[in-house]
Amino acid sequence: MLDLLTPDDYTDRPYVAGLNQIGHAILGASLALFLGWYAGLLIIAWEGWQLKRRGGLRSDYWGDLSFWLMGVSLYSWVYFMPLTIVAGAAWMVYLDRR
């Protein structure tokens, strides 16, 4: 079962990891629509809390933060969705070849 509040980098499941990161970007874009740039501050605080208090891995922290902030910063760009899909696929390939 997938626990959304437990930090996990899914290194042993590259497909799930890529979909997870695509989800971070899309949710980051959605938050940016409602909160503007404050969404970025909220996300940084959330990921920092998971890293320090919930035992998250640094690889999970940096991966999640990158995709979250990609969504926050690029949500209004016309190529946001294709870029998100390509970046998520690249993440899958990267983890699969490690």
Side-chain angles (χ1 to χ4, degrees):
M1 180 155 178
L2 183 63
D3 181 5
L4 297 176
L5 297 179
T6 302
D8 190 352
D9 65 354
Y10 304 105
T11 54
D12 56 337
R13 298 182 294 173
Y15 181 73
V16 174
L19 293 178
N20 178 47
Q21 298 303 12
I22 290 170
H24 280 93
I26 292 170
L27 187 55
S30 300
L31 288 173
L33 282 171
F34 295 106
L35 302 175
W37 289 100
Y38 293 110
L41 298 174
L42 178 68
I43 289 164
I44 291 168
W46 170 258
E47 288 298 330
W49 177 75
Q50 285 194 106
L51 178 65
K52 296 295 182 187
R53 301 286 184 208
R54 302 273 309 191
L57 301 171
R58 285 183 186 225
S59 58
D60 179 53
Y61 171 79
W62 287 112
D64 288 357
L65 194 61
S66 299
F67 277 84
W68 275 113
L69 296 180
M70 180 177 75
V72 169
S73 61
L74 300 176
Y75 73 94
S76 63
W77 190 38
V78 69
Y79 298 113
F80 168 70
M81 280 309 296
L83 176 67
T84 300
I85 292 167
V86 168
W91 192 256
M92 290 177 205
V93 170
Y94 167 72
L95 290 179
D96 193 41
R97 293 192 179 193
R98 268 183 22 172

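Residues Leu69 and Gly40 share a closest heavy-atom pair of CD2-CA, 3.9 Å. In this structure, Leu95 and Pro14 approach most closely via the heavy-atom pair CB-CB, 4.0 Å.
Connection of Ile26 to Leu35 is not established within any shared hydrophobic cluster, with ILVMFWY side chains joined at heavy-atom distances below 4.5 Å, either directly or through further cluster members. Placement of Val72 and Ile44 within a single hydrophobic cluster is found when ILVMFWY residues are connected by side-chain heavy-atom separations under 4.5 Å, directly or transitively. Cluster annotation: Val78 and Ile22 are assigned to the same hydrophobic cluster (Ile/Leu/Val/Met/Phe/Trp/Tyr, side-chain heavy-atom contacts under 4.5 Å, transitive). Taking hydrophobic clusters as Ile, Leu, Val, Met, Phe, Trp and Tyr residues chained together by side-chain heavy-atom distances below 4.5 Å, Trp37 does not share a cluster with Leu74.
For Ala25, the side chain to side chain contact (heavy atoms under 4.5 Å, CB included) test picks out Phe67, Met70, Phe80, Thr84, with sequence neighbours left out. Shown here are the side chain to side chain contact (heavy atoms under 4.5 Å, CB included) partners of Met92, two or more places apart in sequence or in another chain: Tyr15, Leu19. Partners of Ser30 under the side chain to side chain donor-acceptor pair (under 3.5 Å) rule, at least two apart in sequence or in another chain, do not exist in this structure. For Tyr38, the ring-ring contact (aromatic ring centres under 6.0 Å, His included) test picks out no residue, with sequence neighbours left out. Not counting sequence neighbours, the partners of Leu51 by the side chain to side chain contact (heavy atoms under 4.5 Å, CB included) test are Arg58, Tyr61. Judged as a side chain to side chain contact (heavy atoms under 4.5 Å, CB included), and not counting sequence neighbours, the contacts of Leu57 are Asp9, Ser59, Asp60.
For residues 66-77, the set of pairs meeting the side chain to side chain donor-acceptor pair (under 3.5 Å) definition, not counting sequence neighbours, comprises Glu47-Trp68.
In this structure, Trp91 CH2 and His24 NE2 are separated by 10.5 Å, a value rounded to the nearest 0.5 Å. To the nearest 0.5 Å, the span separating CG on Asn20 from CG on Asp64 amounts to 6.0 Å.
Counting heavy atoms from C-beta outward, Arg13 and Asp8 have side chains that approach closer than 4.5 Å.
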Before giving the answer on side-chain contact (heavy atoms from CB on, under 4.5 Å), spell out for Leu65 and Trp62 the whole-Å C-alpha distance, their side-chain angles and the decisive distance to 0.1 Å.
CA-CA 5 Å; Leu65 194 61; Trp62 287 112; 4.2 Å; yes
